[in-house]
Enquirer: 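Please find one structure pasted underneath; my questions will follow.
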There are 2 protein chains.
Amino acid sequence: MKKTTIAVIATNAGVSKSTVSHVINNTRYVEEKTRQRVLDVIEKYNYRPNKLARSLALNQTHTIGLILSDISNPFYHQVIHGVEECAYQNNYIILLFNARYDLARTQDYINTMIDHQVDGIIIMASSLSEETLFALQQSKLPAVIVDHPYPASDNSASIIIDFQTGIKEMVQSLVSAGHTRFAHITSTDNLWTSRMRKEIFLSELNSAGITHDKVDIINGNMHIDGGRDAFKQIIAKNEKPTSIFAVNDLTALGVLFEAQNLGFSLPTDFSIVGVDDIHLCLDVKPSLSTIALPCYEIGINAMTMLINILQNKNDVTEIIIKSRYIQRESSDIKFIPD
Amino acid sequence: MKKTTIAVIATNAGVSKSTVSHVINNTRYVEEKTRQRVLDVIEKYNYRPNKLARSLALNQTHTIGLILSDISNPFYHQVIHGVEECAYQNNYIILLFNARYDLARTQDYINTMIDHQVDGIIIMASSLSEETLFALQQSKLPAVIVDHPYPASDNSASIIIDFQTGIKEMVQSLVSAGHTRFAHITSTDNLWTSRMRKEIFLSELNSAGITHDKVDIINGNMHIDGGRDAFKQIIAKNEKPTSIFAVNDLTALGVLFEAQNLGFSLPTDFSIVGVDDIHLCLDVKPSLSTIALPCYEIGINAMTMLINILQNKNDVTEIIIKSRYIQRESSDIKFIPD
DNA sequence: CTGTTAGCGCCTTCAG
DNA sequence: CTGAAGGCGCTAACAG
């Protein structure tokens, strides 16, 4: 059985391929009568144009690549949702890749996307090496980078997340409530964003008069289990903190779960704060305080900026998104440990 | 700046396009000397073949479509992981679509994938209408359908999840522990799999001597919030159940969270069981009993079967995956409510 | 208002 | 051992 192409439609409708093409894409006037005839044949054959061929001819695929560090992190679900919604409405299709915090894989995926001729790319992965970024930049591929430094240009834009505002609010709230001993659960310094969060936290503590020797830094892995492990390390120390700040909500939830598991009660024994504001924050008991990010908006913005670049109207090449501290039960200042 | 194509490589290496093509794809012998020369030019120009053109010529894209009902359900993360891993190793790329339990959108996405000439498709979405399935079948597109009936053929295969084994174990365990009044939180009868789970549950209860008037059916939405709402409805009734079975783990977690929120204690007041065995089951307190499915294996199997179809060695067109009951604290039989 | 023609970038038969 | 030429399915000048 022969595949039905634009040529067979043309033949059967008694017109040329170009006429068919034009009625499909509405790209030039076609007499109503012949138009209808073409449409009928298309209908009859149940014909659908081959996008591959179209993309090759037009040199654009209407496909964009999206690279995330971790598809299982709920934080990303809202973001994906935003990107997807915006893409759907503008008739773009998404090639989704899950980098799993792996530098090599990230690089690999970017290349694959380029090979598949994506029109542009959105990267929200902390696992980015300098080389990868440099190569991307050289490639001139339209790109929107979220939460990572990237040189602005005609075909790139950045979404910067301002963690400082949120972290400052948190620190002030905790310090003014009397907290003096802190711990921070980070992931690894390889991940740019977690290194930033750590540095901002330390510097804000400093501004609030808490010296670094009062701050314990423990490594996690951005996941619940990493948070659990980190918490075990924390309570094994002599001088325990009264307040724990985790690099993200999943890690914070790990702390919360393990603390409860070991019989501690929050926030009276420890206060704990995460980052992201995933839905689960409100489900657990005590509800989890967090540095909130507007995830859905981030997704919408990223896609919108990319589309602007693709249409050469990228007037704004950088957006700054503010974070803010949301105090919930897990860091209720009425409870000052000790 | 001109884009570097196979033609410019050919010119610069002083050979024909076909030779270049052959060294790239290792598809016929090329004298070592010229081979090296071609490779050098490729290196120098940093040339990467355009997959689009290749796909068009070969009439295969090495791309497969994956449709899920809900990317935010942790259950799928393991599945995606499995599919991805298998795809990565076999050099396939994944087009991921998130149907969000929406029938129309699902249909829409399938069409988009076909337009983009995916080589095959894996569907794990409960939101499938008969028409969609019929159209898919007519299209002859190689497909693997998970947890939904689909007629077997040369270019299709199914993964059937046997919920009965798991549900039977659960029912027996609960009934023998003395439970007599049950509630079930389903989603909607539109979703095939949730209708099945409900029917199996009812029939197993029946076999165990519990008549249907002892079983309360409430609607949820497959999410945590739906579980919370459902639980509120349950406790508003006169005759409360002692045991709640939820269509999936997220719903069950909603029950668990809301129950704790309202001051109930589990499993002494109610026992609760979910389906899927997502990681969170072990994190919460009490840990959540569930009907477990081997998600990662399901993903691996689905992709493997699809690849077999694509290579015309689809000897097995149906796999049955057994579920099993995992009893944890949330349905500990030592506690019999009332 | 519509048809002809020449690509898009790659693969592959057929010659030599 | 390698080139030339045609084609994958669609689009877009250029003519008329």
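Each chain gets a letter, A, B and so on, in the order its sequence line appears, and its residues count up from 1.
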Enquirer: With DNA chain D as reference, determine whether E31(B) or A53(B) sits nearer its 5' end, using the nearest nucleotide of each.
Expert: E31(B)

Enquirer: Across the strands shown, which category fits L58(B) at heavy-atom distances under 4.0 angstrom: base, sugar-phosphate, nothing?
Expert: sugar-phosphate

Enquirer: Who are the ring pair (Phe, Tyr, Trp, His ring centres under 6.0 Å) partners of F75(A), not counting sequence neighbours?
Expert: none

Enquirer: Let me know which of K51(A), R48(A), R54(A) forms a side chain to side chain donor-acceptor pair (under 3.5 Å) with D115(B).
Expert: R48(A)

Enquirer: With heavy atoms under 4.0 Å as the rule, sort V30(A) into base, sugar-phosphate or nothing.
Expert: sugar-phosphate

Enquirer: Should the ring pair Y296(B) and H81(B) be called parallel, tilted or perpendicular, given that the plane angle runs from 0 to 90° and is split at 30 and 60?
Expert: perpendicular

Enquirer: Judged by each residue's nearest nucleotide on DNA chain D, which is more toward the 5′ side, I24(A) or R28(A)?
Expert: I24(A)

Enquirer: Rounded to whole Å, please give me the gap between CG in L52(B) and P in dG7(C).
Expert: 20 Å

Enquirer: Please check if atom CD in Q138(A) has more than 12 non-hydrogen atoms from other residues, nucleotides or ligands closer than 6.0 Å.
Expert: yes

Enquirer: Among dC10(C), dT2(C), dG9(D), which is the nearest nucleotide to the side chain of T5(B)?
Expert: dC10(C)

Enquirer: For N50(B), which contact category applies under a 4.0 Å heavy-atom criterion: base, sugar-phosphate, or nothing?
Expert: sugar-phosphate

Enquirer: Whole angstrom is fine here: how far is it from CD in Q60(A) over to P in dA12(D)?
Expert: 10 Å

Enquirer: Mind calculating the distance between NZ (K33(A)) and P (dT2(C)) to the nearest angstrom?
Expert: 10 Å

Enquirer: P49(A) side chain: which of dC10(D), dG3(C), dG9(C) is closest?
Expert: dC10(D)

Enquirer: Closest to the T19(B) side chain: dC11(C), dT2(D), dG3(C)?
Expert: dT2(D)

Enquirer: Categorize T34(B) for me: base, sugar-phosphate, or nothing, with a 4.0 angstrom heavy-atom threshold over every strand shown.
Expert: sugar-phosphate

Enquirer: If you look at every strand shown and take non-hydrogen atoms under 4.0 Å, does K17(B) touch a base, only sugar-phosphate, or nothing?
Expert: base

Enquirer: What is the distance from NE2 of H22(B) to C1' of dA4(D), rounded to the nearest Å?
Expert: 13 Å

Enquirer: Give one of base, sugar-phosphate or nothing for S18(B), where a contact means two heavy atoms less than 4.0 Å apart.
Expert: base

